[in-house]
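Below is one structure, written out as C-alpha cells; comments come after it.
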Amino acid sequence: MVLKVAIQKSGRLNDDSLKLLKECGIDIANGVNKLKTEASNFPIEVYFLRDDDIPQYVEDGVADIGFVGENVVYEKNKKVQVVEKLGFGKCRLSIAVSRNEKYEDVSYLEGKRIATTYPVIVQKFMEERGVNADIHEISGSVEIAPGIGLAEAICDLVSSGSTLFMNGLREVETILHSQAVLIKSIGLADEKQRLLDKLLFRIQAVKKSKNNKYVLLNAPNEKLTEIIGLLPGMKSPTVLPLAETGWSSVHSVLNENDFWDIIEKLKEAGAQGILVVPIEKMII
Ligand code: ATP
Ligand code: ZN
C-alpha cells in the first residue's frame, strides 16, 4: 500500500512541495520530466501534475492527497478535504483597476467587465456584494486585459504587487488570502489514512520548527529569575552553570512572532552573549 501524492509539476509550488517532503525525511528520486516517482524510504508515490488538475485527481482518488493553493481548491470546488495549511505559496487574489480610475467601492464594478482566471470565486464575491459584473474568463496574462481594452478590471493573484504596478494597475479589493494546503480524498482507506497521519506528524514538526528559534544566553545569577520569567520555552528553560562563578547559561525556544520583543527585554534584563539557532525539527 502506498500513499499517492499529487504535487505541481513545475511552477511556483513545485520546489517548496518537494522541499517539504525532503524536510520530512522523504527521499524522492529526481522527478524532472517524469509523471510519477517513488520515495525510497517512505511508502509514497509522487505524481507531477498541473496545479489546476490536482483537486479533480484527488476527488477521483487517482491521487490520495495533493499539495495545492487554496485559490485553486476554492475555484475548482471539488469534493476534497483541506487537511493542513503548509505555510508556503502565500499570495492573495485581488481585484485591480487602472491606476487613474476613481475607485471608491465595489459598486464601481457594476456593469463592468472583469478579466480573470478565477471566474467561480469572482462570481461568488460579486453575488455576495450584490454587484452585477460581466466576468470574462481568460487563461493567462490577465494583467494586460485593461490595457488592450478587454476589461475595465481584473482579478488575479498578487504577491508583491509589482506586476500590477508595471501594468499601470492598482489593487482595490482583496477577495482571498491564499497559501498552499494539503488536501485529501474523502473516504481514504484506513491504511492510507494511517500513512497520511504519519506524514502529517512530520509536516507539523517541520512547520513548528520553522516558527521557532533555539536561544542560548548567558545571565548573571542574580538576574536569573527575571530572565527565566521572560522565556516561554517548551517546558521551562534549561539552566546550566558557566565556568565563571556567578553566571549561568540559559537555553530556551522562542516563537518567531514575539521573538524580537523578548530578545530586547532579555538584553535589558542583563542577558549577554545571546545566540539564536534555527531548529530543524520540533516534536512536542
Ligand atoms: P500550472 O502549469 O501548474 O497550471 P500555473 O501557471 O497555474 O501552473 P503558478 O503560477 O506556478 O501556476 O502558481 C501556482 C500557485 O502558486 C498559485 O495557484 C498560487 O496558489 C501560488 N502563488 C503564490 N504566489 C503567487 C503569485 N504571486 N502569483 C501567482 N501564483 C502564486
Ligand atoms: Zn495552473
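Bear in mind that the values here come from a model prediction, so they are computed numbers and not experimental data. Numbering of ligands and ligand atoms starts at 1, following listing order.
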Taking atom types as modelled, find out whether [X] and [Y] have a side-chain donor-acceptor pair closer than 3.5 angstrom.
| X | Y | result |
| --- | --- | --- |
| Gln272 | Lys267 | no |
| Ser94 | Glu171 | yes |
| Gln56 | Lys78 | yes |
| Glu101 | Tyr108 | yes |
| Glu45 | Tyr47 | yes |
| Glu137 | Tyr118 | no |

What's the shortest distance from [atom] to any protein heavy atom, and which residue and atom give it?
| atom | result |
| --- | --- |
| atom 24 (N) of ligand 1 | Cys91 CB, 3.4 Å |
| atom 18 (O) of ligand 1 | Asn71 ND2, 2.9 Å |
| atom 29 (C) of ligand 1 | Arg12 NH1, 3.2 Å |
| atom 9 (P) of ligand 1 | Gln8 NE2, 3.8 Å |
| atom 30 (N) of ligand 1 | Leu157 CD1, 3.2 Å |
| atom 2 (O) of ligand 1 | Arg50 NE, 3.6 Å |
| atom 14 (C) of ligand 1 | Asp51 OD2, 3.4 Å |

Enumerated ligand 1 atoms positioned under 4.0 Å from heavy atoms of [X]:
| X | answer |
| --- | --- |
| Gly69 | 20 (O) |
| Ser159 | 26 (C), 27 (N) |
| Gly11 | 11 (O) |
| Lys90 | 23 (C), 24 (N) |

Below 4.0 Å, non-hydrogen atoms only: which portion of [X] touches ligand 1? Side chain, backbone, both or neither.
| X | answer |
| --- | --- |
| Leu13 | side chain |
| Gln179 | neither |
| Val72 | side chain |

Test item: protein heavy atom less than 4.0 Å from atom 6 (O) of ligand 1: no
Heavy-atom nearest option to atom 4 (O) of ligand 1, drawn from Ile7, Asp52, Thr163, Asp16: Asp52
Evaluation steps, side chain to side chain contact (heavy atoms under 4.5 Å, CB included), between Ile54 and Ile183: CA-CA 9 Å; Ile54 292 176; Ile183 55 170; 4.3 Å; yes
Crowding at CD, Glu222 (>12 non-hydrogen neighbours, <6.0 Å): yes
Metal-centred angle, the Zn ion (ligand 2) as apex - OD1 of Asp52, OD1 of Asp51, 10° resolution: 80°
Quiz item: cation-pi between Arg202 and Phe42, 6.0 Å / 45°: no
Steps toward side chain to side chain donor-acceptor pair (under 3.5 Å) verdict (Glu84, Gln204): CA-CA 9 Å; Glu84 180 85 18; Gln204 283 157 0; 3.0 Å; yes
Among Ile44, Leu199, Val80, side chain to side chain contact (heavy atoms under 4.5 Å, CB included) partner for Ile65: Leu199
